[in-house]
Visitor: 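Here it is, the structure, as structure tokens.
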Amino acid sequence: MSDQAELLIPEPISAGLFLTYHCNGNCRHCMYACGSSWPADWIEIDLAEEILGLLSGKIKGAPFGERKIGINYGLHFTGGEPFLNFELLLRLTKIAKRYGIPSLFVETSCSWCTDVELVKRRLIELRQAGLDGILFSVNPFILERVPFERTKRAVIVGREIFGENAIIYQEFFHNLFLALDIHETVPFQDFLKMAGSVLNYMELIPMGRAVYQLDSLFTKQPIDVFLRLSCRKEITRDWHIHIDNYGNYIPGFCGGISLGQAVDILSGRPIDLNERRVIKSLVMKMDDLYRLGQDYGYMAKEDGYISKCHLCLDIRRYLFSRGEFKELRPAGFYNTIFRLQNVEGG
Ligand code: SF4
């Protein structure tokens, strides 16, 4: 197994396509470290068209119907905030529709939902262009950035237009914020005082920006706990993969890892593991990644890690600063993670 030189990634059955990493949110939990410091780089239409063409026929619709939506089914447009470039979102919807891609939806933070008529107009246009549904992101980290009035407005209009294909992730928080009669934004520290205990019921994936910004919510464990683990399953999974606006094929939610150009991978070209030592280590075990880090001078954190993804990202950001690793892309991801550490001391 240690001599494995190539890795074939199975065809994806569900995916998210990033329009951009740019966003007005900078949310603490963001797995891709999106935010306002990213340039407003948007996916090129030609690249998007090629990717959507390659995805068509591979992406599977939701089991309850090809025009129904579900978080882990079909194709979703994401980012970054896709609605910051509505014209692009509309064009991509039309292209995806032309290719017959099932269970097509867009994910939004609702930051742009300042006016009922605006929300209505945009959602009707998208539905007419072939979009099947919409997912509203609701949690205490988005609540820090987006006034809840906008979220409420978006959900009401979204349900009018998309019916049961307007879904909320996470519904629990939407109901809680309604019950608490919240209208504006709420700083996270204030939320903790108001309702901190409910975080026990929250689905919070300890990866991406969260490992530095929200580490105080988790118990840290020594490095040895993670060294025997492998990420072969995560790297080769076929569901809910992501493709970013630079064409990088991202396994699952692993922000900052590029398996290569999506166009190559979707065309069935295997990955040369000898050219991507970080990925080669990850499909073996974390110990291999740790040893690769040590070769470049990485030292384990004495206070431990909240998850294997924390260890993985801590080594990757170190390697990014020390060497040339073509799988550590896009550079903006690592630059943003560094900046946040420096500014907020996470
Ligand atoms: S440890 Fe790294 S490769 Fe594995 S799931 Fe976490 S971020 Fe992805």
Side-chain angles (χ1 to χ4, degrees), residues 4 6-12 14-18 20-21 29-35 38 41 43 51 78-80 205-212 226-227 229-266 269-293 296 298 305-338 340-341:
Q4 182 177 356
E6 288 191 336
L7 183 69
L8 192 61
I9 303 299
E11 288 186 349
S14 64
L17 181 66
F18 277 53
T20 183
Y21 283 88
H29 70 308
C30 184
M31 293 177 279
Y32 312 101
C34 297
W38 282 82
D41 288 343
I43 193 164
I51 290 169
T78 186
I205 305 175
M207 59 200 305
R209 193 181 270 148
V211 307
Y212 299 114
F226 305 107
L227 292 180
L229 304 177
S230 163
C231 280
R232 176 173 288 267
K233 225 169 71 192
E234 289 89 339
I235 295 285
T236 57
R237 78 186 218 183
D238 61 1
W239 59 278
H240 208 144
I241 62 96
H242 289 90
I243 296 168
D244 75 10
N245 49 301
Y246 305 111
N248 294 303
Y249 189 109
I250 303 165
F253 306 128
C254 307
I257 296 180
S258 171
L259 298 184
Q261 281 296 300
V263 168
D264 295 332
I265 291 173
L266 295 174
R269 283 186 209 121
I271 300 172
D272 184 340
L273 288 178
N274 290 327
E275 286 182 358
R276 291 178 173 80
R277 286 178 295 160
V278 171
I279 293 170
K280 186 171 188 169
S281 308
L282 286 168
V283 295
M284 297 300 295
K285 53 187 182 321
M286 295 304 293
D287 193 32
D288 290 35
L289 181 66
Y290 179 42
R291 278 192 272 115
L292 178 62
Y296 283 79
Y298 178 78
Y305 303 85
I306 63 168
S307 62
K308 72 171 175 177
C309 302
H310 185 188
L311 173 61
C312 171
L313 178 52
D314 209 55
I315 297 173
R316 284 191 279 124
R317 60 188 273 280
Y318 184 86
L319 289 174
F320 176 82
S321 71
R322 294 294 187 282
E324 257 305 309
F325 295 89
K326 63 165 99 169
E327 62 272 53
L328 301 184
R329 296 280 185 277
F333 173 87
Y334 294 94
N335 294 333
T336 308
I337 289 280
F338 278 118
L340 278 164
Q341 281 231 293

Visitor: Is the terminal nitrogen or CZ of Arg317 (NZ for Lys, CZ for Arg) located under 6.0 angstrom from the six-membered ring centre of Tyr212 and within 45° of that ring's axis?
Guide: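 Judged by the rule (NZ or CZ under 6.0 Å from the ring centre, within 45° of its axis), Arg317 counts as positioned above Tyr212.
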Visitor: Between Lys280 and Glu327 (salt bridge meaning N to carboxylate O under 4.0 Å), is one present in this structure?
Guide: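 Glu327 and Lys280: not salt-bridged.
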Visitor: Under the side-chain hydrogen bond (donor to acceptor under 3.5 Å, both in side chains) rule, collect the residues that match up with Thr78, sequence neighbours excluded.
Guide: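 Counting only residues at least two positions away or on another chain, Thr78 forms a side-chain hydrogen bond (donor to acceptor under 3.5 Å, both in side chains) with Glu107.
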Visitor: Using only atom types and a distance under 3.5 Å, with no angle test, would you say the side chain of Arg329 pairs donor to acceptor with the backbone of Ala331?
Guide: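 The answer is no, because no donor-acceptor pair under 3.5 Å joins these two groups.
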Visitor: Working to the nearest 0.5 angstrom, can you tell me the gap between Leu311 CG and Tyr290 OH?
Guide: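 Result: 8.5 Å between the selected atoms.
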Visitor: How many angstroms lie between atom CZ of Arg277 and atom CG of Leu289, to the nearest 0.5 angstrom?
Guide: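 Here the rounded value is 11.0 Å.
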Visitor: Is any side-chain heavy atom of Leu7 closer than 4.5 Å to one of Pro270?
Guide: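 Contact flag for Pro270/Leu7 side chains = no.
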Visitor: Enter the distance from Gln4:CD to Ile271:CD1 here, rounded to the nearest 0.5 Å.
Guide: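 These two atoms lie 10.0 Å from each other.
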Visitor: Do you know the tightest heavy-atom contact between Tyr21 and Cys34?
Guide: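 Looks like O-CB, 3.2 Å.
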Visitor: In a table with atom names and distances, give each donor-acceptor pair under 3.5 Å that connects a side chain of residues 247-265 to protein atoms at least two apart or in another chain.
Guide:
{"from": "Asn248", "atom 1": "OD1", "to": "Ser258", "atom 2": "OG", "distance (Å)": "2.9"}
{"from": "Asn248", "atom 1": "ND2", "to": "Asp244", "atom 2": "OD1", "distance (Å)": "3.4"}
{"from": "Asn248", "atom 1": "ND2", "to": "Asp244", "atom 2": "OD2", "distance (Å)": "2.9"}
{"from": "Ser258", "atom 1": "OG", "to": "Gly260", "atom 2": "N", "distance (Å)": "3.2"}
{"from": "Ser258", "atom 1": "OG", "to": "Gly260", "atom 2": "O", "distance (Å)": "3.4"}
{"from": "Gln261", "atom 1": "NE2", "to": "Tyr246", "atom 2": "O", "distance (Å)": "3.4"}
{"from": "Asp264", "atom 1": "OD1", "to": "Arg269", "atom 2": "NH1", "distance (Å)": "2.4"}

Visitor: Apply the test side-chain hydrogen bond (donor to acceptor under 3.5 Å, both in side chains) to residues Trp38 and Thr336: give CA-CA distance (whole Å), side-chain angles for both, the deciding distance (0.1 Å), then the verdict.
Guide: CA-CA 8 Å; Trp38 282 82; Thr336 308; 3.3 Å; yes
Visitor: Measure from the side-chain N and O atoms of Lys308 to the backbone N and O of Cys231, and report whether any donor-acceptor pair falls under 3.5 Å.
Guide: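 Checked: no pair found.
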Visitor: List in chain and number order the residues that pass side chain to side chain contact (heavy atoms under 4.5 Å, CB included) with Ser307, two or more places apart in sequence or in another chain; answer none if no residue qualifies.
Guide: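 Counting only residues at least two positions away or on another chain, Ser307 forms a side chain to side chain contact (heavy atoms under 4.5 Å, CB included) with Pro206, Val211, Cys309, His310.
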Visitor: Closer than 4.0 angstrom, basic N to acidic O: yes or no for Arg276 and Asp272?
Guide: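 No, this pair does not count.
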Visitor: Determine yes or no for a side-chain-to-main-chain donor-acceptor pair under 3.5 angstrom, with Tyr318 supplying the side chain and Tyr296 the backbone.
Guide: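 Checked: pair present.
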Visitor: How far apart are the closest heavy atoms of Ile306 and Phe226, and which atoms are they?
Guide: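 Looking at all heavy atoms of both residues, the shortest contact is C-CZ, 4.2 Å.
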Visitor: Distance check, rounded to the nearest 0.5 Å: Ile9 atom CD1 versus Ile235 atom CD1?
Guide: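 The CD1 atom of Ile9 sits 7.5 Å away from the CD1 atom of Ile235.
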Visitor: How long is the span from the CD atom in Glu11 to the CD1 atom in Ile241, to the nearest 0.5 Å?
Guide: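 Atom-to-atom, Glu11:CD and Ile241:CD1 are 11.5 Å apart.
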Visitor: I'd like to know whether Phe18 forms a side-chain contact (heavy atoms from CB on, under 4.5 Å) with Ile243, so could you lay out the CA-CA distance, the side-chain angles of the two residues, the decisive distance to 0.1 Å, and finally the verdict.
Guide: CA-CA 6 Å; Phe18 277 53; Ile243 296 168; over 6 Å; no
Visitor: Where the side chain of Thr20 meets the backbone of Gly79, is there a donor-acceptor pair that is under 3.5 Å apart?
Guide: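 Absent.
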Visitor: Counting distance only, does the side-chain N/O of Arg316 pair as donor-acceptor with the main-chain N or O of Tyr334 below 3.5 Å?
Guide: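 Flag not set: sc Arg316 to bb Tyr334 has no pair under 3.5 Å.
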Visitor: Shortest non-hydrogen contact from His242 to His240?
Guide: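 Result for this residue pair: CE1-CD2, 3.2 Å.
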Visitor: If you take all heavy atoms of Arg232 and Val283, which pair is closest and at what distance?
Guide: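 Scanning both residues completely, I find the closest heavy atoms to be NE-O, 3.5 Å.
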Visitor: CG of Asp287 to OG of Ser281: how many Å apart, nearest 0.5 Å?
Guide: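 Rounded to the nearest 0.5 Å, the CG-OG separation comes out at 9.5 Å.
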Visitor: Main chain of Ala33, side chain of Arg209: is a donor-acceptor contact present, judged purely on distance under 3.5 Å?
Guide: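 It does hold such a pair.
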Visitor: So do the side chains of Tyr298 and Asp314 get within less than 4.5 Å of each other, counting heavy atoms only?
Guide: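 SC-SC contact between Tyr298 and Asp314 confirmed.
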